[in-house]
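We use all heavy atoms of the structure for the numbers below, so side chains are in, but hydrogens, waters and symmetry mates are not.
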Amino acid sequence: MKVIHKDGSIEILEGYKELEVLRHTAAHITAQAIKRLYPDAAFAYGPATDKGFYYDVDLGDKKLTENDLLVIEAEMKKITRENLPIKPFLLSKDDAMKLMKGRCEPYKVDLITDLPDDEVIGFYRQGDYIDMCRGPHLTYTKSLKAFKLMSVSGAYWKNDSKNKMLTRIYGTAFATQDELDSYLKMLDEAAKRDHRKIGKEMELFMLSDEGIGFPFFLPKGMILRNTLIEYWREIHTANNYYEISTPMMMNRSLWETSGHWEHYKDKMYITKNDDEDYCVKPMNCPGGILVYKNKRHSYRDFPLRVGELGLVHRHELKGTLHGLFRVRCLTQDDAHIFMRKDQISLEIAGVVRLINEVYSKFGFSYTLELSTRPEASMGSDEEWEVATNGLKEALNDLELPYEINEGDGAFYGPKLDFHLKDSIGRTWQC
């Protein structure tokens with residue numbers, strides 16, 4: 001993107017999208033407005049996101065209301081009218097520590113403490129406000145034209161429930177007011193279609209404080225759910241899948257072998273059984289592998305297509321829960337296909353056709369993304385190459401366009417992500 005300075009010079013920022021820079025600046029202006037209104041506020045994280053930005057703030061005992069957000073927003077507008085220059089500067093770790101201690105910013109001090117001793121730390125100043133940040137930012141506050149504070153929630157410091165709960169303030173920003181207005185109109189349309197509202201009105205499901213993140217399905221919801229399950233069984237039978245069911249809870253040693261204990265244990269529910277650790281399954285895969293290992297197989301058995309409707313449990317953070325979209329237990333319609341290497345492309349193509357059949361029946365359009373090996377992963381380079389190439393060949397054979405999402409695969413393998421478009425144009429990763 002290009003940043004135009006007040007003196008007319010132009011700075012090219014490689015690798016940064018305009019909205020990202022704009023929203024990051026909006027987060028800093030939000031923080032400055034909060035600091036003016038609440039001088040004792042202490043700040044944690046304030047990143048840009050794909051929908052806007054947020055800032056985690058310690059406001060002591062203060063609980064923000066919608067009216068408080070309007071007051072903060074008004075102060076932000078005042079700051080933009082002041083057209084304050086936003087200027088970067090660098091400090092050594094020691095000097096950065098002194099600065100943040102002097103400004104009573106304990107969370108920034110905590111972040112600085114974790115950095116190497118020889119680290120050079122970036123800061124940005126706008127008027128009387130200073131924030132620790134790598135940047136980049138807009139060069140003047142007046143450059144932020146269209147923004148709105150959206151909502152408030154709670155967030156644990158460093159996403160750790162043992163730490164203090166902070167106030168997370170969400171907002172969004174766009175280059176123009178027309179773009180912001182269009183986005184807000186889309187949100188209004190989304191609210192009318194909110195599945196939580198529809199689910200309550202149609203008596204399909206309920207949520208309860210006695211089981212946060214664990215949905216209850218009501219009689220009408222069960223009719224709908226069972227109809228979907230009947231359809232699921234019908235198409236899987238037609239495509240030569242065998243259905244199995246695996247235990248909901250198994251010994252910790254299994255999850256150590258599968259790699260989940262090392263990579264996923266923070267999201268697993270764990271209990272003691274006969275003085276041994278048992279884990280409630282967050283995924284069906286290890287159970288499916290045990291079924292496969294139950295007997296010896298001939299090469300003539302392959303491909304062996306196995307399906308399961310498995311109830312899995314994952315300890316998602318409370319602040320991320322959202323109706324049926326983000327829950328702590330869900331029925332995962334899983335499949336495990338055991339095959340020879342020469343069958344990989346054909347079998348993946350079959351899965352993609354099956355997925356397309358289902359999405360088409362329900363009127364969904366989608367785009368495809370191939371996610372490759374992440375830094376934290378298991379398996380050899382050769383295994384990853386074979387699996388990734390199998391996905392590519394299948395998509396190429398089907399002549400389906402796709403994008404590469406480097407490093408966003410699962411820890412155990414590459415994956416295809418289907419991004420579905422809903423009735424008002426939002427996309428959802430499936």
Close side-chain approach of His24 to Tyr124, heavy-atom, < 4.5 Å:
no
With Tyr231, which residues qualify under ring-ring contact (aromatic ring centres under 6.0 Å, His included), at least two apart?
none
Name all residues meeting the side-chain contact (heavy atoms from CB on, under 4.5 Å) criterion together with Thr320; count only those two or more places apart in sequence or in a different chain, and write none if there are none.
Glu316, Leu317, Arg326
Give a yes or no on this: more than 12 heavy atoms of other residues, nucleotides or ligands lie within 6.0 Å of atom OH of Tyr242.
no
Heavy-atom closest contact (Leu144 atom, Ala173 atom, distance)
CD1-CB, 4.0 Å
So which atom in Lys51 and which in Thr172 form the shortest heavy-atom distance, rounded to 0.1 Å?
O-OG1, 2.8 Å
Tell me every residue that passes side-chain contact (heavy atoms from CB on, under 4.5 Å) with Thr246, counting only those two or more places apart in sequence or in another chain.
Ile244, Lys281, Val291, Glu308
Within-4.5 Å side-chain heavy-atom neighbours: Val152 and Asp68:
no
Check whether any side-chain heavy atom of Thr30 lies under 4.5 Å from a side-chain heavy atom of Tyr170, and answer yes or no.
no
Is the ring pair Phe43/Tyr129 parallel, tilted or perpendicular, if the boundaries are 30 and 60 degrees?
perpendicular
Classify the ring geometry of His28 against Tyr55: parallel below 30°, tilted from 30° to 60°, perpendicular beyond 60°.
tilted
Search all heavy atoms of Ala96 against all heavy atoms of Ile121 and return the closest pair with its distance.
CB-CD1, 3.7 Å
By side-chain contact (heavy atoms from CB on, under 4.5 Å) - contacts of Lys185 (at least two apart):
none
Do side-chain atoms of Gln32 reach the backbone of Gln126 as a donor and acceptor pair under 3.5 angstrom?
yes
What one should report as the nearest heavy-atom pair of Gly122 and Leu90 is CA-CD2, 3.7 Å
When rounded to the nearest 0.5 angstrom, what distance separates CD1 in Ile169 from CG in Leu59?
6.0 Å
Taking the side chain as C-beta and beyond, is there a heavy-atom pair between Tyr412 and Ser258 under 4.5 Å?
no
Could you tell me the separation between the CD1 atom of Ile198 and the CG atom of Leu204, rounded to the nearest 0.5 Å?
9.0 Å
To the nearest 0.5 Å, what is the distance between CG on Asp40 and CD1 on Ile34?
13.5 Å
Does the pair Arg193/Asp422 count as a salt bridge with the N-to-O cut at 4.0 Å?
no
Under the rule for ring-ring contact (aromatic ring centres under 6.0 Å, His included), what residues qualify as partners of His322, not counting sequence neighbours?
His195, Phe325
Do Val280 and Met248 have side chains that get closer than 4.5 Å, going by heavy atoms?
yes
Could you tell me how the ring of His260 sits relative to the ring of Phe411: parallel (under 30°), tilted (30 to 60°) or perpendicular (over 60°)?
perpendicular
Enclosure of Glu403 CD (heavy-atom neighbours >12, cutoff 6.0 Å):
no
Would you check if there is a donor-acceptor pair between the side chains of Glu210 and Ser208 at a distance under 3.5 Å?
yes
Residues forming a ring-ring contact (aromatic ring centres under 6.0 Å, His included) with Phe147, sequence neighbours excluded
none
Once you round to the nearest 0.5 Å, how far does CD of Gln429 lie from CG of Asn405?
7.5 Å
So CD1 of Ile29 and CE of Met76: to nearest 0.5 Å the spacing works out to 6.0 Å
Taking the side chain from Lys35 and the backbone from Ala41, do they hold a donor-acceptor pair closer than 3.5 Å?
yes
So how far is it from Leu149 CG to Tyr54 OH, rounded to the nearest 0.5 Å?
15.5 Å
Side-chain touch Arg314/Met283, heavy atoms, less than 4.5 angstrom
yes
Between His236 and Tyr241, what is the ring plane arrangement, given parallel below 30°, perpendicular above 60°, and tilted in between?
perpendicular
Between Glu230 and Arg233, does at least one N-O distance fall below 4.0 Å, as a salt bridge requires?
no
What verdict does the side-chain hydrogen bond (donor to acceptor under 3.5 Å, both in side chains) test give for Asn251 and Ser253, after you've listed the backbone C-alpha separation in whole Å, the side-chain angles of each residue and the deciding distance to 0.1 Å?
CA-CA 5 Å; Asn251 192 286; Ser253 61; 3.1 Å; yes
Holding to salt bridge (charged side-chain N to carboxylate O under 4.0 Å, His left out), I want the full list of residues that pass it with Lys200, two or more places apart in sequence or in another chain.
none
For Cys279 versus Ile270, what's the shortest heavy-atom pair and its separation?
SG-CG1, 4.2 Å
Quick one: does His336's side chain have a donor or acceptor within less than 3.5 Å of a partner on Gly287's backbone?
no
Could you label the plane-to-plane angle of the Tyr107 and Trp157 rings as parallel, tilted or perpendicular, counting under 30° as parallel and over 60° as perpendicular?
perpendicular
Are there over 12 heavy-atom neighbours, none belonging to Glu385, within less than 6.0 Å of that residue's CD?
no
Please name all residues satisfying ring-ring contact (aromatic ring centres under 6.0 Å, His included) with Phe53, sequence neighbours left out, ordered by chain then number.
none
If the condition is side-chain contact (heavy atoms from CB on, under 4.5 Å), which residues does Leu290 pass it with, not counting sequence neighbours?
Met250, Leu254
Using a 4.5 Å cut-off on heavy atoms from C-beta on, say whether the side chain of Leu321 contacts that of Arg328.
yes
Only residue of Arg103, Lys87, Lys108 satisfying side-chain contact (heavy atoms from CB on, under 4.5 Å) with Ile130 is Arg103
Flag the pair Lys318 / Tyr156 as yes when at least one side-chain heavy-atom distance between them is below 4.5 Å, and no otherwise.
no
I need the full list of salt bridge (charged side-chain N to carboxylate O under 4.0 Å, His left out) pairs touching residues 365-380, with sequence neighbours left out, sorted by first then second residue.
Arg373-Asp381
On a heavy-atom basis, which atom in Gly288 and which in Phe338 lie closest, and how many Å separate them?
O-CZ, 4.0 Å
Residues at least two apart in sequence or cross-chain that pass side chain to side chain donor-acceptor pair (under 3.5 Å) with Asp114, listed by chain then number, are Lys158
Using a 3.5 Å cut-off and no angle test, enumerate the donor-acceptor pairs between side-chain atoms of residues 345-356 and protein atoms at least two apart in sequence or in another chain.
| unit_1 | atom_1 | unit_2 | atom_2 | d |
| --- | --- | --- | --- | --- |
| Ser345 | OG | Glu393 | OE1 | 2.7 |
| Glu347 | OE1 | Arg305 | NE | 2.8 |
| Glu347 | OE1 | Arg305 | NH2 | 3.4 |
| Glu347 | OE2 | Arg305 | NH2 | 2.9 |
| Asn356 | OD1 | Tyr366 | OH | 2.8 |

